[in-house]
Structure formats: C-alpha cells, structure tokens
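Notes to accompany the following structure.
All values below come from the heavy atoms of this structure, side chains included, with hydrogens, waters and symmetry mates left out. All chains are named by letter (A, B, ...) in the order of the sequence lines, taking the proteins before the strands, and each is independently numbered beginning at 1.
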2 protein chains.
Amino acid sequence: MTLNTLVDHANCEDCPIRHRAVCARCDADELTVLEEIKYYRSFEAGQTIIWSGDQMNFVGSVVSGIATLTQTMEDGRTQMVGLLLPSDFVGRPGRESAAYDVVATTDLVMCCFRKKPFEDLMNRTPHIAQRLLQMTLDELDAAREWMLVLGRKTAREKIASLLSIIARRDASASAKGLSGPIVFDLPLTREAMADYLGLTLETVSRQISALKKDKVILLEGKRHVTVPDIGRLMEEAGDDADGGCLV
Amino acid sequence: MTLNTLVDHANCEDCPIRHRAVCARCDADELTVLEEIKYYRSFEAGQTIIWSGDQMNFVGSVVSGIATLTQTMEDGRTQMVGLLLPSDFVGRPGRESAAYDVVATTDLVMCCFRKKPFEDLMNRTPHIAQRLLQMTLDELDAAREWMLVLGRKTAREKIASLLSIIARRDASASAKGLSGPIVFDLPLTREAMADYLGLTLETVSRQISALKKDKVILLEGKRHVTVPDIGRLMEEAGDDADGGCLV
DNA sequence: AGGAAACCTTGACCGAGATCAAGTGGACGC
DNA sequence: GCGTCCACTTGATCTCGGTCAAGGTTTCCT
C-alpha cells in the first residue's frame, strides 16, 4: 500500500549481487549471468536519466538516491506519476522506448543490465518473470491508490497522504516501527511535491504551514519533519488508520 | 495508449477457447488445461462482482459488457480506477484478496478460471506469465496516463480525454479506422463519468453540453455520440493529436 | 563580504468547479 | 392516461485552490 512498494529484502541477505529487486529468490546460475551483464551508472541531482520516447537499452534498479517519473503536456503542465526509491525497478521488459521522463532528484546510482540479455534471461527463468509480475502489480496498486488521491482528496489531505507515505516508509526502513514519533527529511522540493499531488507549489507551502500550525507535524527548517502521531496524520489524509499498517 | 488496452486478437482467430487475453500465443496443451478449469458467470447491470477485500478464488476476463474498478473512502467519496472492457483481464495472480470493488455497469458475462489451477499453469508455462506481465505493464501505463488527466487537466479536457479514448477504442474495434466521423453510445452514466474523472456529475453534464454547443461532438438523446473530427477532440483533450494514433 | 540564484513563505485577489436547488424528459408500471 | 422514478440539465451561489506579486532564507560563488 505504499507509493512504490519496497522489495522485501529478508531472503536476500546473502545475495552476491545487490540487485535484490530481481533476485528475490536467489539462484547461483542466474546470478552469475546477471553479474556478467550488469554495470553501474551515476547521476547528479537534477540530471535527466531517460527522456520520454528514448530508446531504452537497459533495465535496472535504483541503488541509492531518488528519481521521479514524470509526464509533461505540450504546454508545460507536468504530473509526476511515480517515485523511484532505492531497490525500485526501472524499465519495461519487452518495450522499445521509455514512456516517461526519469529524473534524478538527488545524486543517484543505478545498477543496470543490458536489456536484451536480461530479457533472454527472463525468458529462460520463470521466477524472474513472476517476480517482475509481482512488482508490476504492486506498482499498479500504488498508481491506482494515487488516482484516488489526485481525483478526490483536498489539498490538505493530499499533503497528509504524501507525508504519511514517506513517514511510513522511513519508519519501516529504520525498523523502529510506527510507535513513537517518526523523523525524516523530505526528499522533494515543494515544486516536486506539487507535481506529484496535482497542486501548485504555493498551495503545498500553505498546507504544510497549516499542518505545522495544527501540530500534525513539526518542522525544523524547510525539510526536516517530525511526525509525533502517525495515526493523526493518516486521519488527516482521509485514510483508514488501521489499514493493515499498525498490524 | 488506451485506458485499458485491448488485447490484440490478430493471432488468435482460431483459438479453441475464447480467453484470448491469456492465450495470445496459442498452444494446444495449455488450452486443453485452461478449458478444463474454466467456467462462465453472468451478472446483471448494477451488480457488484467483487467487493474490495474479498477473497478472490478466480481470475478471468470480460466476455461481454462493461465493468468498473472503484475505490471508496470512508466518507463515501469514490474514484474509479479502471474500466474493464471485453477481453480485459481481472484478477491478481499471487494475491489473496481483491483491492477494489468491481461493479458491472451493464449486463456482463465473464469467463473465469479457478485461481489455484490457473496459477499452477502459469508457473509451468513461461509465456503465460510473460503475457500477463505485458498486460499489467499496459494497465500501468494506462493508470499513469490517467494520473495526468486527474492531476493536471481542466474539466473540459477531462471530458474530451474520456470521449476520445472511448471513440478511438470503438473506431478500432469497428475497423472503420479514424478517418471520418465516429459514432458510439456512451457506456457510462454521467455519475460514472464523474467518478472516473474526479468531477461532479453536474460539471460533467455542463462540459458535455459545452462541447456539443461548440460542435466538437454531436449528441442525439443523452448517450448517442457522434465525433465528426477525432483530431479536434484530441486537441480539446490536450493530447498530441499525432501520438501514434493516426497511423 | 557582497551578490546572485534557488527555494520557500505569505498576502491579495480571482475563477473554475463544487454545492445547492429547481426543473426537464423519457421509461415504466398501474 | 397518469404518476413515479431515474438520469440528466440548467441556474445561482459559494469556496477552494490557482494566479500574481512581494519578500524572506539559505547556499554558493566571486
């Protein structure tokens, strides 16, 4: 139920390569092949990794940093359609060209595989295809959940939804769980948040100020956020506070 | 680039079962197995096929009629997240329960497969998994395109986007192509359109009237639509009129 | 240190679309 | 024929969020 579900790392601790997104069920032979066709690429904050419509000759996953998927209309209106966090997969097996712009919002490292050999491997290896199907279904769920946010939520609920998603991801990553306050740094500018939420950056700024005034969040500087009560934040987001998240 | 991309039927003309969504590359053995585990179900217009959260013990595809996928918030706000047309696939291999309400908006027939045997077959048959991956990627593209509609388009553009999608689907289904006027019946009520577009039904009604007044569409009664110029409609939708569609 | 460029905040005003309300028109049952 | 229901249309008004504008902070460069 997160925006881009992180891959479960549990059964990959001893994985000889880091491409956990794909090798959830490690198998020595496959990994050897993957190892042979893989390479790393680094990008600077702000750099465009892929332009919409470009030929894509690789697939891969994010090792560190954050990237965004965005669509743009001819008149310049833009909508972010996905957020890529470490371990998220990029690329469309079986597709020629990219459908969206992929932009690094922070310095970023990607682990890439040349597309053709990867597809060959996928065709020979059923559980890689199945793994990718599961990941794609997760992304589809996330996209559809976001459609509800974009279509029906108020500006305040939109902001709360985004903060809640980031807070919960960070909380589960740091293994401290959801009891007690959650502290994190916003990985996005106000403008990027606006592009994600279908708002203007002014509205984002105003609503964040409002949530701060109402003590739903605490702000130190512009980016450092403390969420004293995640339940309260999820209420503000219009979410069911017990949607399988508090176990 | 449609809302829910229809499956290409070209290489399935002689398919012994009608479940074309899955058997794009027909293979006698698999089809025999599929034949054994399949059954049909009929639904009346307005009937809910699956409730969000229900156990789903089948997967399947739409044979005839139209269904919608919707999400609902506790306070009753609803957002449609997908439209299921004939040959569209329903179900999540590897998932326990449904994530959305599935509702028949017209009388509907589905071709179903019991989930467990279907999954077993999928695990044994790489190209079924690959086929499903392709279909899921298509749905993901459609969902993300819809995020742009929901997040950034005006009411008029939203209506034009929806009409354009339905018009283009009907045009390619009837094999008359996109030259000349396109005629079709709206398969959705104003309220359903509103739920899809993140609008109210009053706004939908007003914008349809406006498009009619401006001769972008012609209306006979409430549902019968003629699109004299699909290029004009796509312009109104804010789409690139040559996005690979006029070929 | 000074200056410029990002990034963010806040205020004033405006308009697209929501809301509330009344009315139309066709289908159906009695 | 007549009433009822449902889907839809149209009008009047309100409001949330967009737009335009000004100013504040931080960072980084010279």
Side-chain angles (χ1 to χ4, degrees), chain A residues 44-47 68 73 75-79 103-107 149-163 185-214 217-225 236 238, chain B residues 44-46 68 73 75-79 105-106 149-163 185-214 217-225 236 238:
Chain A
E44 287 173 24
Q47 202 176 347
T68 61
M73 293 172 65
D75 60 11
R77 281 177 282 178
T78 67
Q79 175 66 50
V103 181
T105 56
T106 64
D107 287 348
V149 173
L150 291 172
R152 291 301 183 194
K153 291 196 177 178
T154 63
R156 175 183 260 243
E157 289 171 333
K158 285 178 175 182
I159 298 288
S161 296
L162 181 56
L163 292 177
D185 283 302
L186 276 175
L188 301 171
T189 64
R190 299 288 186 267
E191 188 181 15
M193 294 174 70
D195 280 344
Y196 210 162
L197 297 167
L199 299 169
T200 59
L201 69 90
E202 293 96 329
T203 300
V204 170
S205 182
R206 271 187 255 272
Q207 295 299 333
I208 288 180
S209 298
L211 288 174
K212 178 179 155 193
K213 187 161 71 69
D214 298 346
I217 59 171
L218 309 177
L219 255 190
E220 230 175 287
K222 296 157 194 296
R223 300 284 193 97
H224 194 74
V225 179
E236 290 283 353
Chain B
E44 287 172 24
T68 61
M73 293 172 66
D75 61 9
R77 280 177 282 176
T78 67
Q79 175 67 50
T105 56
T106 64
V149 173
L150 290 172
R152 292 299 183 195
K153 292 196 177 178
T154 64
R156 175 182 258 245
E157 288 170 333
K158 286 178 175 181
I159 298 287
S161 296
L162 181 55
L163 292 177
D185 281 302
L186 276 174
L188 300 172
T189 64
R190 300 290 186 266
E191 187 180 17
M193 294 174 71
D195 280 345
Y196 210 160
L197 297 166
L199 299 169
T200 59
L201 68 91
E202 293 95 330
T203 300
V204 171
S205 182
R206 272 188 253 272
Q207 295 300 332
I208 288 180
S209 298
L211 288 175
K212 178 178 153 192
K213 187 162 70 71
D214 297 346
I217 58 170
L218 309 177
L219 254 190
E220 229 174 289
K222 295 156 194 296
R223 301 284 192 95
H224 194 75
V225 179
E236 291 284 351

Using a 4.0 Å heavy-atom cut-off across all strands, classify [X] as base, sugar-phosphate, or nothing.
X: A/R223; answer: sugar-phosphate
X: B/L199; answer: sugar-phosphate
X: B/G198; answer: sugar-phosphate

Measure from [atom1] on [X] to [atom2] on [N] and round the result to the nearest Å.
X: B/K153; N: C/dA16; atom1: NZ; atom2: P; result: 18 Å
X: B/K212; N: D/dT9; atom1: NZ; atom2: P; result: 7 Å
X: B/Q207; N: C/dG17; atom1: CD; atom2: P; result: 6 Å
X: B/R152; N: D/dG17; atom1: CZ; atom2: P; result: 13 Å
X: B/K158; N: C/dA16; atom1: NZ; atom2: P; result: 14 Å
X: B/D195; N: C/dG17; atom1: CG; atom2: P; result: 17 Å
X: A/I208; N: C/dT10; atom1: CD1; atom2: C1'; result: 14 Å
X: B/I159; N: D/dT9; atom1: CD1; atom2: C1'; result: 14 Å

_Between CG on residue B/L186 and CD1 on residue B/I217, distance to nearest 0.5 Å_ = 7.5 Å
*Relative to the 5' end of DNA chain C, which residue comes earlier, A/T203 or B/K222, by the nucleotide with the nearest heavy atom?*
A/T203
_Axis deviation across the helix from C/dA1-D/dT30 to C/dC30-D/dG1, five-pair ends, to the nearest 10°_ =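 About 30° separates the two local helix axes.
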Exam field: side chain [X] to backbone [Y], donor-acceptor pair closer than 3.5 Å:
X: A/K158; Y: A/L197; result: yes
X: A/E220; Y: A/V225; result: no
X: A/R77; Y: B/R152; result: yes
X: A/D107; Y: A/A45; result: yes

*Who passes salt bridge (Lys or Arg N to Asp or Glu O under 4.0 Å) against B/R156, sequence neighbours left out?*
B/D214, B/E236
*Short side-chain N/O contact to C/dT10 OP1/OP2 from A/S205, under 4.0 Å*: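 Answer no for this pair, as no side-chain N or O of A/S205 is under 4.0 Å from OP1 or OP2.
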_C/dC7 phosphate, OP1 or OP2, under 4.0 Å from A/T189 side-chain N/O_ =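 No.
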_Pick the closest DNA chain D nucleotide for B/E202 and for A/T154 by heavy atoms, then say which residue is nearer the 5' end._
B/E202
*Closest listed nucleotide, where the reference is the side chain of B/R206 and the choices are C/dG17, D/dT9, C/dT19*: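 The answer is C/dT19, which lies nearest to the side chain.
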*asked:* Assess the residue pair B/H224 and B/L218 against the criterion (side-chain contact (heavy atoms from CB on, under 4.5 Å)); give the C-alpha distance rounded to whole Å, side-chain angles, the decisive distance to 0.1 Å, and a yes or no.
replied: CA-CA 8 Å; B/H224 194 75; B/L218 309 177; over 6 Å; no
*With distance as the sole criterion, do the side chain of B/E191 and the base of D/dC8 form a donor-acceptor contact below 3.5 Å?*
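Under the 3.5 Å cut-off, the side chain and the base do not form any donor-acceptor pair.
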